[in-house]
Chemist: 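Quick one: the structure is below, and I'll ask about it shortly.
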Amino acid sequence: MPDRDRKLGDILSSSSPTLESLFHRALQLDKLQQIFSQCLPDQLRGKVILSSVKDGVIRVTVPDAVTATQLRMNQHTSLPELRKHKDFDFAYQFKIRVEPAEGKVKTKRKAKPISQKNAELLKQEAQLCDDPELKKALEALSTHTED
């Protein structure tokens with residue numbers, strides 16, 4: 001049977017115990033994330049990602065410092081809500097890690113070419129200029145014309 005036709009249960013039953021335990025851990029973490037998100041204020045839902053819950057410490061990842069600050073300010077209302085669930089009954093603290101999302105790479109802007117008329121004006125200004133560095137810069141600018 002090709003791999004694409006196999007179901008997840010079939011793959012897990014024939015796989016290593018390590019893979020199976022990782023899969024169950026991922027399912028458990030997803031369940032905890034859903035409970036955790038429900039206990040957060042609306043403006044934080046979807047922004048705060050639960051990383052782990054261990055020894056009463058809830059480790060989370062946020063995209064920016066603003067979200068981290070909002071979470072800290074709301075922890076006095078979020079923690080009691082979380083403690084109502086058996087998986088979070090001993091939770092007492094958030095450990096927050098700011099991990100910015102990878103942004104788009106900024107492209108370098110290309111300078112727009114100038115018209116022939118402006119190029120002529122720059123050349124005339126360069127001829128009248130006494131400063132040699134400014135004269136050189138104006139002449140260089142006058143060469144960036146549209147064809």
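Starting from 1, each residue takes its place in the sequence as its number.
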Chemist: State the CG-NZ distance between Leu40 and Lys47, to the nearest 0.5 angstrom.
Modeler: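 Leu40 atom CG to Lys47 atom NZ measures 11.5 Å (nearest 0.5 Å).
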
Chemist: What is the minimum heavy-atom distance between Phe88 and Leu82, and which atoms define it?
Modeler: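 Scanning both residues, the minimum pair turns out to be CB-O, 3.1 Å.
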
Chemist: Using the rule that two of Ile, Leu, Val, Met, Phe, Trp, Tyr join whenever any of their side-chain heavy atoms come within less than 4.5 Å, decide whether Ile35 and Ile49 are in one cluster.
Modeler: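 In one cluster: no.
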
Chemist: Working to the nearest 0.5 angstrom, can you tell me the gap between Asn118 CG and Ser142 OG?
Modeler: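 One gets 11.0 Å once the value is rounded to the nearest 0.5 Å.
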
Chemist: When you compare the side chain of Leu79 with that of Phe94, does any pair of heavy atoms fall below 4.5 Å?
Modeler: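 Heavy-atom side-chain distance check passes, below 4.5 Å.
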
Chemist: Side-chain heavy atoms under 4.5 angstrom apart, residues restricted to Ile, Leu, Val, Met, Phe, Trp, Tyr: same cluster for Val98 and Leu50?
Modeler: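 Yes, because Val98 and Leu50 connect within a single hydrophobic cluster, where side-chain heavy atoms sit under 4.5 Å apart.
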
Chemist: Please check if atom CD in Glu139 has more than 12 non-hydrogen atoms from other residues, nucleotides or ligands closer than 6.0 Å.
Modeler: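 Yes, because the 6.0 Å sphere around CD of Glu139 holds more than 12 heavy atoms from other groups.
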
Chemist: Under 4.5 Å between any side-chain heavy atoms of Lys123 and Leu138, yes or no?
Modeler: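 Lys123 vs Leu138: side chains apart.
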
Chemist: Main chain of Gln34, side chain of Ser37: is a donor-acceptor contact present, judged purely on distance under 3.5 Å?
Modeler: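 Side chain of Ser37 to backbone of Gln34: no pair is present.
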
Chemist: Using the side chain to side chain contact (heavy atoms under 4.5 Å, CB included) rule, take Val60 and Phe36 through it: C-alpha gap first, then chi angles, then the decisive distance, then the call.
Modeler: CA-CA 10 Å; Val60 297; Phe36 179 73; 3.6 Å; yes

Chemist: Sorted by first residue and then second, give each side-chain hydrogen bond (donor to acceptor under 3.5 Å, both in side chains) pair with at least one member in residues 50-67; sequence neighbours left out.
Modeler: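 Pairs touching residues 50-67 that pass the test: Ser51-Thr61, Asp64-Thr67.
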
Chemist: Who pairs with Arg45 by side-chain hydrogen bond (donor to acceptor under 3.5 Å, both in side chains), at least two apart in sequence or on another chain?
Modeler: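 With sequence neighbours excluded, Arg45 shows a side-chain hydrogen bond (donor to acceptor under 3.5 Å, both in side chains) to Asp42, given in chain and number order.
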
Chemist: For atom CZ of Phe90, is the number of surrounding heavy atoms from other residues, nucleotides or ligands below 6.0 Å larger than 12?
Modeler: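 Open: at most 12 neighbouring heavy atoms sit under 6.0 Å from CZ of Phe90.
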
Chemist: Give the minimum heavy-atom separation between Gln127 and Lys135, together with the two atoms involved.
Modeler: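 Between these two residues, the closest heavy atoms are CA-CE, 4.5 Å.
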
Chemist: Can you tell me how far apart CG (Asp131) and NZ (Lys136) are? Round to the nearest 0.5 Å.
Modeler: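 If we round to the nearest 0.5 Å, Asp131:CG and Lys136:NZ are 12.0 Å apart.
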
Chemist: Any sub-3.5 Å donor-acceptor pair from Gln75's side-chain atoms to Tyr92's backbone N or O?
Modeler: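 Between the backbone of Tyr92 and the side chain of Gln75 there is no qualifying donor-acceptor contact (under 3.5 Å).
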
Chemist: When you measure from the side chain of Asp30 to the backbone of Ala26, do you find a donor-acceptor pair of N or O atoms at a distance under 3.5 Å?
Modeler: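 Not at all, since once roles are kept as given, no pair shorter than 3.5 Å links the two residues.
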
Chemist: State which residue, out of Leu128, Leu122, Leu121, fulfils the side-chain contact (heavy atoms from CB on, under 4.5 Å) condition with Gln124.
Modeler: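 Testing Gln124 for a side-chain contact (heavy atoms from CB on, under 4.5 Å) against Leu128, Leu122, Leu121 leaves exactly one candidate, Leu121.
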
Chemist: Show every salt bridge (Lys or Arg N to Asp or Glu O under 4.0 Å) that has at least one partner inside residues 78-101, sequence neighbours left out.
Modeler: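 Sorted result for residues 78-101: Lys31-Asp87, Glu81-Lys84, Arg97-Glu99.
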
